[in-house]
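Working notes, beginning with the structure itself.
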Protein chains: 2
Amino acid sequence: MTTDTQRVKADAFKVACSSCNLRELCLPVGLASPDLEKLDSLVANRRTVARGDTLFRSGDEFQSLYAVRTGFFKTCVSSEDGRDQVTGFQMAGELLGLDGISNDRHSCDAVALEDSQVCVIPYSQLEELSREFTDLQHQFHKIMSREIVRDHGVMLLLGSMRAEERLAAFLLNLTQRLQARGFSASSLILRMTREEIGSYLGLKLETVSRTFSKFQEEGLLEVKQRQIRIVDQAGLQQLVNGAGGAC
Amino acid sequence: MTTDTQRVKADAFKVACSSCNLRELCLPVGLASPDLEKLDSLVANRRTVARGDTLFRSGDEFQSLYAVRTGFFKTCVSSEDGRDQVTGFQMAGELLGLDGISNDRHSCDAVALEDSQVCVIPYSQLEELSREFTDLQHQFHKIMSREIVRDHGVMLLLGSMRAEERLAAFLLNLTQRLQARGFSASSLILRMTREEIGSYLGLKLETVSRTFSKFQEEGLLEVKQRQIRIVDQAGLQQLVNGAGGAC
DNA sequence: CGCAGCCTTGAGCTACCTCAACCCGGGTGG
DNA sequence: CCACCCGGGTTGAGGTAGCTCAAGGCTGCG
């Protein structure tokens, strides 16, 4: 535990929210300077999470939210029997831990898929601050609401799409988020295994693999292990928007 | 539009939150009297929604949340092509419209499955009030978080369960919520069609129907159209917790 | 070099879907 | 009051998308 604290300190040549290059994607979106400076004081700590380690686990006491600063996470829930389900992948600027508010305990695991760094946002202080700053309050509510809307989109995917449509939707969503962060729209490196993609999409890893191969044959993608190049974005988009003919 | 306003007025022999019999299930949970009285002033309006009518539609401007007072709703999202997905069923005490906060527009439809009445909660006033009353603020955050956790549970169901497990989980969830409202734990009337259940569970209506029949043959349920009697609750529970043997 | 983790591909199986016929109950109109 | 209709619901038969099981291939690391 002491080593943990030390690690936090070691990371703490801090970058303030107000000067963070993620401020347009993260909690501070749209905040003017007085609010922003208050937020700086709140988000004092960093935490480093090595690839494969958990940021929090289901059942852990909930105290803080986390904003991904660098790296990549997955969250997964599991049922009493061993079954588990990846519920999301989080990249820089995205928030982790919202599930914990409901119970004062986390209800899912957050696992780093590569060496990562997060900003620690003590929740009780966030509540306090958002009582004072209406923009912050509103922004926080928007982020929670956006998570709900995202989840509904995943339900639509899981409930009514076929394997190819699911994978196409997944890739388009990933590239869009990467693009918002200044990465290429057409070329990406997957941070997760086929099995993790499968879990997220409600498919078996073999099906994911076969579908990647199929997309490659059809000239939609180039796939080399985890290196993906999107050759025909419009083609993927068309798959998602109903394979039904474009009459 | 005028008729709408008149209807609202006609409903408005108001029951205050502080004396509402749903206060232990709804937004006021855990609030002490000063907060509660403030809430009363906020939730002034009622709205009646006839069976089959929509409370709001995807794309509508977002202004208010709604607490179900009586009746039963479904929410559904749809993709560009016609596909749509039921994302939830809401009963007395549950909140509708959280999806709208993210965009100032609703992103799903809310449809009454029986004649219903909702309390209208103007959102901007709720934000304002929750800046003043920390318990209310905290309670509101919990409700949003709970919705996220619920959605993750549905993802688990859609992503990794088989038809029987899905239906069993659905029935147990329904009865549990009904029980919390003082209804029988073992006997219920479904408010939705087989098709709506199927959409929620990612199954076709025929599969839902067959699974009901199967449960009946196996002595788990008695099914007479929409009248359901749960004969062997433990048996259903066991189905959900992994049909894998109880070694 | 050899091992371990991940990925790919094939062959056969099965849970669920599709299509189609029929039934039931409640509301309407003659 | 009965005939009819219509929106659910049930049941059957056959098809198929995705799963399971199994073998083998890459890649990076000790």
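Reminder, nothing fancy here: chain letters follow the sequence lines and each chain counts from 1. In what follows, every heavy atom counts, from backbone to side chain, and hydrogens, waters and symmetry copies are set aside.
- Between the CD atom of Gln225(B) and the C1' atom of dG7(D) there is a distance of 11 Å, given to the nearest Å.
- In this entry the distance linking CG of Leu203(A) with P of dA15(C) reads 18 Å, nearest Å.
- Note: CZ (Arg51(A)) to P (dG28(D)) measures 12 Å, nearest angstrom.
- No contact: Gly198(B) has no heavy atom under 4.0 Å from any strand.
- Counting heavy atoms from C-beta outward, Ile121(A) and Leu95(A) have side chains that approach closer than 4.5 Å.
- Ring orientation note: the planes of Phe62(B) and His106(B) are nearly perpendicular, at an angle over 60° on the 30°/60° scale.
- Between Thr207(A) and Lys224(A), the residue anchored closer to the 5' end of DNA chain D is Thr207(A), taking for each the nucleotide with the nearest heavy atom.
- A salt bridge does not link Lys214(B) with Glu217(B): none of the charged nitrogens is closer than 4.0 Å to a carboxylate oxygen.
- Atom pair Arg226(B):CZ and dG8(D):P shows a separation of 7 Å (rounding to whole Å applied).
- For the pair Lys214(A) NZ and dT8(C) P, the computed distance is 16 Å after rounding to whole Å.
- Atom P of nucleotide dT10(D) and atom CZ of Arg210(B) are separated by 11 Å, given to the nearest angstrom.
- Using a 4.0 Å cut-off between charged nitrogen and carboxylate oxygen, Glu94(B) and Arg146(B) do not count as a salt-bridge pair.
- Distance, Glu206(B) CD to dG15(D) P: 17 Å, rounded to whole Å.
- For Ser213(A) and dT9(C), the shortest distance from a side-chain N or O to OP1 or OP2 is below 4.0 Å.
- If you check every strand for non-hydrogen atoms under 4.0 Å, Leu205(A) touches a base.
- Taking atom CG of residue Leu239(A) and atom P of nucleotide dA17(D), one finds them 14 Å apart after rounding to whole Å.
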